[in-house]
Amino acid sequence: LDKLFTPLQVGAVTLNNRVAMAPLTRLRNTEPGDVPTELSVQYYTQRASAGLIIAEGTHISRTAKGYAGAPGIYSEEQVAAWSKVNASVHAAGGKTALQLWHTGRISHRSLQPDGEAPVAPSAIRAESNTNVRQPDGSLARVPCDEPRALEISELADILEDYRRATDNARRAGFDLVEIHGAHGYLLDQFLSPEANVRTDAYGGSVENRARFLLEVVDAVVAEWDAEHVGIRISPLGVFNGLSNVEEQDIALYVIEQLAKRKLAFLHISEPDWAGGPALSEAFRQEIRKRYPGVIIAAGGYNAEKAEKLIGEGYIDAVAFGRSYIANPDLVERLRSGAALNTPDAATFYGGDARGYTDYPTLNN
Ligand SMILES: C=C(C(=O)O)c1ccccc1
């Protein structure tokens with residue numbers, strides 16, 4: 001495992017190693033306000049030896065919210081709270097990115113301003129669930145509500161929300177931002193003919209369905225610059241009521257268009273961790289032919305698989321999710337070949353310190 005622990009230049013930022021913490025929704029932010037807590041500071045700081053911490057999906061506006069307990073990056077209170085996270089992680093030598101998230105139709109009226117319908121490319125309800133707050137404060141899984149179709153005139157407002165969120169993330173001390181374009185959320189909904197049946201310039205052809213994702217990338221880049229911006233996509237993914245298994249053409253088109261923008265990184269969530277097809281070697285070659293820039297891979301990896309694919313040139317770094325939930329010192333454990341703690345799925349979402357900040361490290 002020698003490649004995994006070598007530095008990597010990711011846009012403007014030099015990572016000490018190629019082990020990233022994947023963006024992990026933990027639903028432990030306070031409501032009302034959608035604000036990270038002191039526990040969040042501890043949780044992220046414990047994991048600062050990661051080459052890069054990609055902090056959890058963070059909604060860019062009130063209407064972008066799709067889960068009770070998720071954090072935001074649209075208010076000064078949220079910026080101040082994230083600033084504490086970054087000050088502490090940076091003091092521990094870590095690097096951070098914030099995942100800018102609009103959930104689109106993966107939402108519920110109880111999470112929307114004035115109980116409005118969630119927004120999406122088209123008024124097609126997702127066959128999926130989300131987390132809402134019960135009267136007693138606990139979380140419950142409920143079916144997503146039917147969204148309303150966005151007017152073209154509203155798209156400019158959402159671009160402005162991404163721009164403002166990018167400025168807020170930079171002010172809050174993040175080293176990078178990652179646009180969430182994966183897992184059946186708003187931008188992925190635009191890519192999918194199952195969620196996007198628009199007949200205007202944002203629907204129909206591959207170019208039209210990719211248009212809004214690329215406009216978001218351009219807006220975020222214009223606000224900061226390409227070397228501080230990454231994006232996560234989930235080509236051929238099966239998530240949140242979408243099956244992109246047959247969507248090779250739009251996946252490769254998007255990757256080709258992203259390459260032109262010379263972003264800091266492309267983060268690919270591979271479909272096989274959640275029921276999609278494993279990426280074939282042929283498809284990996286098609287991706288690499290189009291995208292010479294930094295690729296971070298995620299999805300059921302282990303250190304050996306990451307080392308192999310880095311050695312073959314298909315990826316440059318790996319992001320671990322569940323392993324990082326349970327192993328704050330994951331880098332040290334991988335380096336020394338130590339056993340890993342087992343993640344406790346019962347405490348993944350919501351709750352308190354249990355299953356969040358109480359996993360043991362090797363030396364405690
Ligand atoms: C942001 C998420 C994603 O990217 O899939 C998420 C949200 C809730 C639970 C698990 C994952």
Side-chain angles (χ1 to χ4, degrees), residues 20-29 31 34 36 40 43-44 53-61 64-73 97-108 110-111 118 120 126-133 138-144 162 165 169 177-192 195 213 216 230-244 265-276 296-301 319-326 343-351 355-356:
M21 177 179 174
L24 294 161
T25 293
R26 305 304 307 275
L27 303 183
R28 285 171 166 84
N29 300 273
E31 287 181 304
D34 300 346
S40 309
Y43 164 70
Y44 283 113
I53 290 176
I54 306 174
E56 64 203 89
T58 299
H59 41 269
I60 60 170
S61 69
K65 181 174 182 177
Y67 291 78
I73 187 71
L98 185 65
Q99 188 183 55
L100 304 179
W101 194 17
H102 193 309
T103 59
R105 67 180 192 165
I106 307 301
S107 185
H108 189 266
S110 67
L111 301 167
E127 293 299 327
S128 190
N129 300 314
T130 190
N131 293 68
V132 297
R133 190 72 63 186
S138 66
L139 293 173
R141 291 289 280 168
V142 296
C144 300
Y162 275 102
V177 289
E178 173 182 278
I179 295 163
H180 197 334
H183 295 178
Y185 296 109
L186 182 71
L187 303 182
D188 201 17
Q189 290 159 28
F190 270 93
L191 299 181
S192 166
L213 179 145
V216 167
I231 184 168
R232 192 183 221 202
I233 60 173
S234 48
L236 316 187
V238 177
F239 301 98
N240 276 325
L242 293 183
S243 163
N244 294 312
F265 64 91
L266 170 61
H267 185 179
I268 297 180
S269 171
E270 298 187 10
D272 52 340
W273 75 278
I296 302 173
Y301 273 72
F320 291 109
R322 284 157 292 188
S323 300
Y324 251 122
I325 287 178
D344 168 27
T347 52
F348 280 177
Y349 305 114
Y356 190 51

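Both ligands and their constituent atoms are indexed starting at 1 by order of listing. Below, each value reflects all heavy atoms present in this structure, side chains not excepted, and no hydrogens, waters or symmetry copies.
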Heavy-atom pair with the smallest gap, counting every atom of G355 and T347: CA-OG1, 3.3 Å

Pair E178-L100, side chain to side chain contact (heavy atoms under 4.5 Å, CB included): steps then yes or no: CA-CA 6 Å; E178 173 182 278; L100 304 179; over 6 Å; no

Within a strict 4.5 Å, meaning less than it, do heavy atoms of the [X] and [Y] side chains meet?
X    : Y    : result
R105 : C144 : no
Y185 : L187 : no
F190 : V216 : no

Considering only heavy atoms of T25, which atoms of ligand 1 have at least one such atom less than 4.0 Å away? 1 (C), 2 (C), 6 (C), 7 (C), 8 (C)

Output yes when the distance from some N or O of ligand 1 to some N or O of H183 is under 3.5 Å, and no in every other case. yes

Min N/O separation H180 to ligand 1 under 3.5 Å: yes

State if Y185 counts as touching ligand 1 under the rule of any non-hydrogen atom under 4.0 Å. yes

Look at ligand 1 and say whether F348 reaches it with a heavy atom at a distance under 4.0 Å. no

Between R28 and Y43, do the side chains contain an N or O donor and an N or O acceptor separated by less than 3.5 Å? no

When you measure from atom 8 (C) of ligand 1 to every protein heavy atom, which one gives the shortest distance, and what is it? Y67 CE2, 3.4 Å

Name the closest protein heavy atom to atom 10 (C) of ligand 1, giving the residue it belongs to and the distance to 0.1 Å. Y349 OH, 3.3 Å

